[in-house]
Amino acid sequence: MDDAIIPALLSFVFAATITPGPNNIMVMASGANYGFRRSIPHLIGISAGVLPIILLAGVGLMAIFEIVPQLETTLRIASAAYLLWLSWKIANASPPGVGDAVGKPLSFFQAAAFQWVNPKVWATGLSATSLFAPERVLVSVVVVASAFAIIGFAANIVWAWMGTVLQQWLMVGRRLRLFNIAMAVLLIASLYPALRHGG
């Protein structure tokens with residue numbers, strides 16, 4: 001990878017990871033409901049899940065989709081179904097201290113596994129590898145994947161922190177309940193841009 005394109009790569013990754021999407025909406029909701037410390041496994045799990053996906057995408061995973069297009073359709077359906085379930089979970093999250101099973105934040109493994117059906121990760125990851133590592137040289141692909149894992153982690157921290165800033169205000173009356181419903185609706189809405197063109 002030419003050093004001259006590194007700034008463009010970093011700008012692309014920053015724009016892709018700081019803008020609203022399933023991960024950012026979910027970590028903001030997690031920060032608001034459970035606080036920053038309890039959201040840390042979720043944050044780390046996102047980066048751990050994104051890294052192998054972009055590595056695989058960069059070394060030719062798309063070729064499999066071209067050979068078996070039904071796999072891409074299956075992935076889109078699984079993405080939609082899982083995001084709908086997560087939206088329901090967010091909408092019904094219990095306030096801190098209630099201890100309800102519904103009120104548990106996403107674990108490291110749940111957050112990492114979610115990346116495999118996260119349409120935004122697939123769409124932006126495949127775009128980035130096509131733009132910045134088109135030759136599919138392993139070193140270039142590793143640079144792209146690492147940029148997503150590191151910058152994405154920082155972006156997710158910002159969103160989780162924003163959730164914690166709102167936490168005290170949300171504890172009044174029905175604000176948290178309304179916030180959770182709004183986050184669930186936004187999570188469902190985040191499906192549209194990534195799925196409308198099959199990406």
Side-chain angles (χ1 to χ4, degrees), residues 13-14 16-57 75 78-125 128 142 144-171 175-177 179-191 194:
V13 174
F14 176 77
T17 57
I18 199 68
T19 51
N23 282 325
N24 289 337
I25 293 166
M26 288 167 59
V27 297
M28 185 178 186
S30 184
N33 282 278
Y34 314 114
F36 187 82
R37 188 173 58 83
R38 290 186 67 195
S39 300
I40 289 174
H42 187 167
L43 294 168
I44 297 172
I46 291 170
S47 289
V50 165
L51 194 60
I53 290 171
I54 297 178
L55 287 172
L56 288 172
L75 177 65
S79 298
Y82 195 59
L83 277 174
L84 289 172
W85 178 79
L86 286 172
S87 297
W88 176 86
K89 185 174 180 181
I90 289 171
N92 291 283
S94 298
V98 172
D100 193 328
V102 177
K104 293 179 181 177
L106 236 57
S107 69
F108 169 87
F109 292 108
Q110 288 172 323
F114 168 65
Q115 305 318 307
W116 291 88
V117 293
N118 183 344
K120 186 177 180 183
V121 168
W122 285 99
T124 57
V142 168
V144 172
S146 299
F148 267 94
I150 295 167
I151 296 174
F153 182 69
N156 293 150
I157 285 175
V158 170
W159 281 80
W161 172 79
M162 288 192 298
T164 63
V165 168
L166 292 172
Q167 190 177 46
Q168 190 168 6
W169 181 80
L170 290 170
M171 291 303 113
R175 290 175 183 171
L176 182 63
R177 174 70 173 158
F179 172 82
N180 286 338
I181 292 170
M183 291 297 100
V185 170
L186 286 174
L187 187 56
I188 293 169
S190 73
L191 273 170

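No side-chain donor-acceptor contact under 3.5 Å links Ser30 to the backbone of Val27. Under a 3.5 Å cut-off, the side chain of Asn33 and the backbone N or O of Pro105 do not form any donor-acceptor pair.
The closest side-chain heavy-atom distance from Lys120 to Thr19 is below 4.5 Å. Side-chain atoms of Ile40 and Phe108, non-hydrogen and from C-beta on, never get closer than 4.5 Å to each other. When side chains are defined from C-beta on, Phe114 counts as touching Met26, because their heavy atoms get closer than 4.5 Å. Looking at Leu166 and Met28, their side chains come closer than 4.5 Å, going by heavy atoms from C-beta outward. Side-chain atoms of Ile18 and Trp159, non-hydrogen and from C-beta on, do get closer than 4.5 Å to each other.
The two atoms that bring Gln115 and Val121 nearest to each other are OE1-CG2, 3.3 Å, heavy atoms only. Of all non-hydrogen atoms in Gly31 and Thr164, the two that sit nearest each other are O-CG2, 3.6 Å. Contact between Leu43 and Ala160 at its shortest, heavy atoms only, is CD2-CB, 4.1 Å. Across all their heavy atoms, Phe179 and Ala29 have their closest contact at CE2-CA, 3.9 Å. The minimum heavy-atom distance linking Pro22 with Asn118 is given by the pair CG-OD1, 3.5 Å. Residues Ala16 and Thr124 approach most closely at CB-CG2, 3.9 Å, considering heavy atoms.
Taking NE2 of His42 as the reference point, atom OG of Ser47 lies at 10.5 Å (rounded to 0.5 Å). For the atom pair CG of Leu186 and CD1 of Ile181, the computed distance is 12.0 Å after rounding to the nearest 0.5 Å. To the nearest 0.5 angstrom, Trp116 atom CH2 is 5.0 Å from Ile53 atom CD1. Distance check, rounded to the nearest 0.5 Å: CH2 of Trp161 to CG of Asn156 gives 15.0 Å. In this structure, CG on Leu55 lies 7.0 Å from OG on Ser146, to the nearest 0.5 angstrom.
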Audit row: Phe36, Ile157, side-chain contact (heavy atoms from CB on, under 4.5 Å) steps and yes/no: CA-CA 9 Å; Phe36 187 82; Ile157 285 175; 4.1 Å; yes

